[in-house]
Every structure is written in structure tokens, then in C-alpha cells.
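Naming convention: chains lettered A, B, ... in sequence-line order (proteins, then strands); numbering from 1 in each chain.
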Amino acid sequence: MEMEKVYDSKRVEEKWVKYWIENKTFSSKIDKDKKSFTIVIPPPNVTGSLHMGHALNDSLQDAIIRFRKMQGFNTLWVPGTDHGGIATQTVVEKLLKKEGKTKYDLGREKFVKKMWQWRQETGDTILDQLKKLGCGLDWDRTRFTMDEACSKAVKRAFKQFYDKGLIYRGKRLVNWCPRCNTALSDIEVEYHPEKGNLWYIKYPIKNSNDFLTVATTRPETMIGDTAVAVNPNDARYKDIVGKTIILPLVGREIKVVADYIVDMQFGTGAVKVTPAHDNVDYEIARRHNLEILEVIDSNGNMTNLVEKYKCMPAKEAREAIVSDLKEQGYLIKIEDYSHSVGKCYRCGTTIEPIMSEQWFLRVEEMSKRASQVAKNDKVKFYPASWKKPYTLWLDNLRDWCISRQIWWGHRIPVFYCIDEKGDKTSCPPIVEQNTPTKCPNCGNTHLVQDNDVLDTWFSSAMWPFSVFNWGEKPDNEELKYYYPTGVLVTGHEILYLWVARMVQMGLEFLDDIPFSDVFIHGIVRDKHGLKMSKSKGNVINPLEIMNEFGTDSLRFALSQSAAPGRDMQISNDSFLAARNFANKIWNASRFIFMNKGNIEVPQEPIVKETSDKWILDEYNKTIKTVTYSFEHYDIDVVSRTLYDFVWTKFCDWYIELSKIRMTSINIEEKRQVLSVLIYILKGTIKMLAPIMPFICDELWSILNNTKESIVKSSFPIYNEKFVFSNEANQMAIVQEIVSKIRNVRSEMNISPAAFITTKINVLDESKLPVVDFNKNYIKALGKIKNLIIGKNIAREKNSALTVATGLEIFIPLEGLIDIEKEKTRISKEIKNIILEQEKYNKKLSNPNFIAKAPKTEVERIKQKLLDTQSKIATLKETLKNYEK
RNA sequence: GGGCAGUUAGCUCAGCUAGGGAGAGCAUCUCCCUUACAAGGAGGAGGUCGCAGGUUCAAUCCCUGCACUGCCCACCA
């Protein structure tokens, strides 16, 4: 088997994507001997195609799934897509528009059929892209939020809610999107600051020449005012509360009410109250039993409240009303004013609060429970800082408007008994999981279904159990085995929209949390820290990155900055560094593989030398950190720890040291070092496999000459027998000496190819055996042909000097030494050590330090001071000799 | 208005949940195509750890206040 000199990601990725799918590597079935670990994918909308957000979200889930699988769990990651309600309907509507048609031209039935057709044709694009990303999903379980099982779950849930009295229909103030022509829930409204005006209007007091001035941002709604509100503590208006106002332009009489909600500081302290078009006003109206008059209808046009403005679009009506107010002397002034305006989260259109007949879900009880499980940490957040916002939101939640006036979605499973004329009879609505054929009340077979569909998030909220056929059979074995899931991985933007509701519904229907952990990752931003968006043109397409740098590089780069809750800035540099890392692993493996040849190497490492023990000690520590970090979703730490171990420990030092034994003609010597190299390499790629699955599976198959995926192997476990602190200390000394020698070589322009003579004068006698024992390492890494170690070795003329802790190192130079250069170098070294020394002196001259700091700390600093003193003495002595 | 993050080398970020050596990658400078890797190796330069106080023998780390940046929530007439 030949390995390419440069890792060929394309060849390898194609191979393994196919392998994992064909071999059903990630399929799961009930195995009661194993504990389950489940993740349900946050289902991407069928309209979607893979963007960086998905790439991050799904790479992280895949890493967790692969890790847990290797840890021995029976893992299951359920794939699927979301029908995406309004968003998806909008996409298809746009397609129709290109043909010059609207959904009304087709009619409901044909339009929905077209939606399904579209979904069939293009809806799985993103799933194919997830396959390319390497996601270890159980593809045979692919679900869709509108497939039969999910539909059954929705109907079951609706009926249970309804029977419990939690779902009700009523006319309430709702958020209405005039473009989507539907009601939205409170969290589907996004608030953006917008420049507008503040109009100050005179409201005359009845039987008086006096008037109140109100300030408003929406003058057109004034014709629907049913009160003016002031703060009860406002001295200015003390006598006016309870008086009657004549509403300008309309002439209707309205009362002045006192309500604590009014801010005395704002505007004039007097608020016009339009209950039908403002949340606050609606609440004031409820508290004071005010009449609710609708001014604007669902099309955004004026109602017939005032004949003159009837049917006018609200925007025109504003101009007309302002102009009329001005004309009649009611308008005092207009100020510029910037305030937040609600926008539809799907299309950005300004939301119009209007009165509308809708279905609502009572959430008070569910919210309490969902909040409670977070408070007592049954559901844990990573990072924990999201716990508070989550509970705060739930603790202040209002009823959820669940009906939407669109056609794409789960139609509300409520049927009405109708008479011959098509009018609803007095029979109660019929709510059944199975479509009813006749009215249970009167036996009539003329039934009609409610026109509305459910909020897309209603079905999403049931995703963790609807995918296990809860709708069909609420107590089935799979549900019992796989639910609750292990972790929910998501960005914070759908924490309320989705996560909180899954917890509510899970507790409601299964009496159990849907997941014990919520891992909230950040947002992928561009290199300037800006959110990626099509309009900014700063979108990085993950598919292009996969193509250019390799999928493992994309995954590694993302994971490397995926600290819980932190946004990340990425650029090509990140992917480039990751690609280089992949190549490094590839070549380290190539080196080991080539050297192995046909040599039989035992599975267990043969531990002989200091370096063996040192690297095993480092490897062992790495296992500990990586495992802990995986379990706590610190995926960034996992990646960085492995990067550091592979590059700076394994490659830079151990592999370099291994070359001494590798070139030996003694086959046993080679076998021994190979046993350690291979042992560590295999363990390392196991740890890396969850993040870089392609290259690791490829290397695994080469090293083991196997066709079994690496995810079927077990994750390395921390092992007490590989703790070698003594050897770790020895290696630290070796590394210090080698670095010092390299430094001198570099600064004195000694060719990297040249072999040199080096003498080490050991001042600290305890170090003599260590240095002597490991002299081969120093020779190899310092490129030394002649190494002399001893006590009382004197520096000969024409040799460069450097000092390490307890040691003096002399490097005799060929020919004449450049004295000026050497003097500069030594002076610099002295300067650095003096800086260090000053710190120690300062500490030790502080009597409080001696008295109060721990004895070990004082001793440590004293020792350090002695070291620096000795080093400086040596260096200065040498410098002095040059001066002569 | 309330809350949550962040502020460390030119850039991207670790370190802060054990207070006692300020680190990595990229960029930059010097040397090297040394038979795993030039997508590489060796070495260097670069930081008063946002500001001001406090606790402590000792603060990048703990506490308080402030500034700036970003995000979330809100009853912004």
C-alpha cells in the first residue's frame, strides 16, 4: 500500500461517505445490553441548503455521536427535515409568481399538491449535503415533520390538549403579517429600530376649554381610541382622571383612566388607548373594561369605523388623518423619533397587531414544569449562562397562538358539523385523532375541517418523540429505549422558539424531559466579525470549503473555535491551518507505516526508554483532557488539545527521537519503538476520529489492514500505568538543553546540516546521571557528533556558551569565533536572565512574602534565584574574558 | 429599562471554576528543500493582559465601579 505524500481528501472522502452509508455504520436498533445515546437532528427546513450554521451544528453533533459510539453507547442520530410552514410556502408561492399565478388561482387542494411535489423534488438536497459532511445519521430513520407518523403525533397531541381544555379558540390581539396573511406567535416577531415620528395631538376635555395632549407614533389608529391613560401618581393629571374626552375627528366620548403602566416621563405622560392595535393598550383595556374598536383589518385597510377613511390603506389613512388634525387645529407638533418596530421573522414585513379569531394553547402549567427542570438542573445548559434567560422567558410566557392562515402545514384537526347551506350547526366541534366521518352529536355526515394550519413549531416541539412513532403508539419500545435523548445541539436563536417548547411538550406528553443537556454553540461569523448574509456578500459556502480544503479541515476548523456559547470568526486561514494539520497527521502516519513494513509489532507498547515513558505520559494526559472535554461539550478544547499533542509532542519530539532507533539495524530495537509509535498513533486517531472522520478512518484501515470503521473501535481510556512523572521531568531537561543548543546554532549561523561538538559542564550534580542517560537524545536532536558530559569541564577558547538550569553548554566553533557576535548574544542572554532575576529578588526582599507565602513557594523562588545567579555569573565571566 | 457575553501579541483566540513562570495558530524576520511532511523543520522579534479602585505576601485570574463592543429580553405611547 502506497501512501500519497500529500493527503488526498477528495479520494478518501468519496470512499468513506459511500462506505458508511452502504454498511449502515450508523444504524441503530434496540440493544438492551447497552445504554442508548440519542440525538435528534434539529431538522433543517426543506427549503434549505447547507450553510456554515448547519456545517457547525451538524459537525458538532456528529462528533458527539461518534465519540459516544466509541465510548460504547448504542448511539442513534435521527435525521430529518422540517416542512417549514410559512418559509416553505413562500418559496413555492414565488415560483408560482414567476408563472404569473397565485396560490388562489390553484386553490387550496392543488396548491398543497404542488407543495408536496416541490418537496419531493428538491426537499432532500440538504440531507445529501449532510452525507457529504460525513454525518453519522441513521438514514433508514429519515423523518419529515409532515410524514404520516409526525402527523399522527400532531393530531394526538392536539386532541389531548383540547380534551384537557388547554387549547381554545378566541378573538384576541395577535401579531398579523399583512404579507404572509397570517397570525404569528409573539416570538416570531423580531423588533428592529426604525426612524419615525411622534405626533402630539390635542384631545379636548368635555365641557371645558382645556385639553390633554397625547403623543403617538401611530396617529391613524386614533379613531379607534377608547380611552386616554395617565399614571395614577402623576400630579399633573390628578384632577383629570375620570373626566370625559371628546375624540377629535370622531366626536366620540372617551374616558381618562389611570393605569400604572403609563410612564410619566415619556411624551406628555398621557397615552391614547387603542386596544385593537397595541399590546399595551390591549392590556389597559382589559384592566379597565374598555371597548375594543377595530381600526385596521387583516388586509391592512381601514375598517368602516369612520366613513371618510373606510377601506383606505393604513398608510394613506395616516396622511389623511394627520392632515385633518392639522386642519382642525388638533395637531401640536411632530417630532422625529426612533423606536422598535415589530417585523415578521420570515419576510421582514412590519407586523400589524390586530384583533383576530385564532387558536391558542394555554402554556402556564407546561411553562412552570419546563422552567422547573432547568432550575433543578435536570436539563443542563452548556454554557450555563443560558439557564437564566431560558427560565425567565418561560416564567413570563403568554398563551401561544398556534393557528396560521396558510395552507402548508398540519391542518388543525378540528371538524365542524354543517347543514345543507354549508353553515356550522350548533353541534360542538369534533376533535379526533382519526378523521371523523360523522358528527357524534347528531350523526350528520356533512363535516368540514378548520381552515387554519398549525404553527410549524408545534410539530417541531414534538420532534424528539414523534420520530419514535409516539403518534401511533405512545408507549412503544423504541420510544422507551431511545427517549430521553442525550443532548440537544443548537444555536441560541431557537432556544425559545424550539428548545423550550420541546421541553414543555416532552414533559406534557411523556412526563419526562426530552434531553438532559442543551449544548448551545455560537454563530459563525466572517473574519471581520460580521454575520454572514447574502446581502453582505460575505457568505462562505461550506461545500466550497470542503472542495478546496477537505471536509475534515472544515470540521476541524469549526470545532476548534466551537466553545459553548461563543461566536466564532473564520476565514480561509482557519481552513488552511486545519488542512495543514490533516497533512501533518497523514505524514506522521506515513512515516510510521513505511517504517513498519512487514515487521510484526505487538498490540501493547514495549516500554523501554525515557522517551517512550514520556510520550505515554503525555498521551495519557491527552486522553483525560479530551474525554472530559467531549463530555462537557468543550469541543474546542478537544481539538486544540489533540492538535498540540500531535504536532508539538508526538511529531516534533517523539517521532524525531524514534528515528535513532528506527535506523538501527537491530530489528528488535525497531520493533520496540514501532510498538509505541503505532500504539500512540492509533489511540490518537481514535480520539481525532469524531472530528476528522475521513482521514482517521482511512488511516485506521491502512494501519490495521481492516475494512472496519474506526467508530467500531473503542475510545482510549486514561490508564494509571502510563503515568511517568519522573521521565516527564527528565524529558523536560533534555528539551531545555536541546532548545539551548539549537538557539546557539541558529544565532551563530551554524548550518542546520552540520554536525557539531558540544560539551556540557554539569554544575548540579543530581543532573549528571539524567543528562548522561539521555545523551543520545541530545545528540540526535542537537545534531551533535561528539558530546562530552562531565563535571568541571572548562570552556575552551573559541567556543560559544549558553546556560541551562544547573548546566553550562559549550559549543566549540570551527575556525575563528566571531567575538562581537558572541558578545552580543551573551549580553542578550544576560539581559533576559536579569529581568527574570529581578522578579525573584523583589519577591524575596518582601518580608511578608517570606512570612506568609507557603514554604514550598518560598523555596521554589529561592532556588530560581540561585539558578539565575549562577547563570549570570557564568555568562558574565565569559563576557569578561572576551573583553581582555 | 433589565439581563448576558466579550475586551490578552499586527490578526484570530487559549489561559481566568487550583492566584505564584503571559501562551498557540496566522502574519513578520533569520537560517534550512536534514530521506514523514516546504501544506515542512530550527530559531528570533512582538504584549504596562480595556480603565480605575479593592482583597491578598502575591492579581490577566477573585471583588466593586466605569468605558467600549456584541447579543438577548422588555409595557420604547
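- Separating the CG atom of A/Asp636 from the C1' atom of B/A24 is a distance of 13 Å, rounded to the nearest angstrom.
- Computed from coordinates, the A/Ile570 CD1 to B/G25 C1' distance equals 15 Å when rounded to whole Å.
- Of the candidates B/A42, B/G44, B/A36, the closest approach to any side-chain atom of A/Cys651 belongs to B/A36.
- Using Watson-Crick or G-U wobble geometry with both donor-acceptor distances under 3.5 Å, B/A45 finds no partner in any strand shown.
- A/Lys584 contributes a side-chain N or O that forms a donor-acceptor pair with the base of B/C37 under 3.5 Å.
- Between A/Phe211 and A/Tyr203, the ring centre distance reaches or exceeds 6.0 Å.
- Side-chain atoms of A/Ser561 stay outside donor-acceptor range of the base of B/C13, with no qualifying N/O pair under 3.5 Å.
- At a cut-off of 3.5 angstrom, the base of B/A14 holds no donor-acceptor pair with the side chain of A/Gln560.
- What separates CG of A/Asn197 from C1' of B/A77 is a distance of 14 Å, to the nearest Å.
- The A/Phe266 side chain lies nearest to B/C76 when the options are B/C57, B/C76, B/A36.
- A/Ile570 places a side-chain heavy atom less than 4.5 Å from the side chain of A/Met532.
- When distances run from any side-chain atom of A/Ser746 to the nucleotides B/G43, B/C76, B/C73, the shortest one goes to B/G43.
- A donor and an acceptor atom, one from each side chain of A/Lys387 and A/Ser385, are nowhere located under 3.5 Å apart.
- Nearest to the side-chain atoms of A/Arg579 among the listed nucleotides B/C76, B/A39, B/G44 stands B/A39.
- Searching all strands for a Watson-Crick or G-U wobble partner of B/U60 with both distances below 3.5 Å returns nothing.
- Comparing B/C57, B/G70, B/A42 by their closest approach to the side chain of A/Arg525 singles out B/G70.
- Among the heavy atoms of the strands lying under 4.0 Å from A/Val280 are primed sugar atoms or P, OP1, OP2 only; no base atom is included.
- Minimum atom distance to the side chain of A/Leu198 is reached by B/A77, of the listed B/G44, B/C76, B/A77.
- Rounded to whole Å, the distance from NZ on A/Lys843 to P on B/G19 is 13 Å.
- With a cut-off of 3.5 Å on both pairing distances, the Watson-Crick or G-U wobble partner of B/G1 is B/C73.
- Taking 4.5 Å as the limit, some side-chain heavy atom of A/Leu212 sits within range of a side-chain heavy atom of A/Val256.
- Of the candidate nucleotides B/C76, B/A36, B/A45, B/A45 has the atom lying nearest to any side-chain atom of A/Lys828.
- B/C66 and B/G50 make up a base pair, with Watson-Crick or G-U wobble contacts both under 3.5 Å.
- The 12-atom threshold is not exceeded at NZ of A/Lys624, counting heavy atoms of other residues, nucleotides or ligands nearer than 6.0 Å.
- Straight-line distance from the CG atom of A/Asp652 to the C1' atom of B/G25: 14 Å, rounded to whole Å.
- Look at B/C33: it lacks any Watson-Crick or wobble partner with both distances under 3.5 angstrom.
- A straight line from CE of A/Met568 to C1' of B/G25 spans 16 Å, rounded to a whole angstrom.
- In the set B/C76, B/U12, B/G25, B/G25 carries the atom at the smallest distance from any side-chain atom of A/Ala577.
- Base pairing annotation: B/C26 forms a Watson-Crick or G-U wobble pair with B/G10, both donor-acceptor distances under 3.5 Å.
- Comparing B/A36, B/A77, B/G40 by their closest approach to the side chain of A/Trp647 singles out B/G40.
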Can you check nucleotides 3-8 of chain B for protein contacts, nitrogen or oxygen pairs under 3.5 Å, and list what you find?
unit_1 : atom_1 : unit_2   : atom_2 : d
B/G3   : O3'    : A/Lys388 : NZ     : 3.4

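- Minimum atom distance to the side chain of A/Arg742 is reached by B/A42, of the listed B/A42, B/C37, B/C72.
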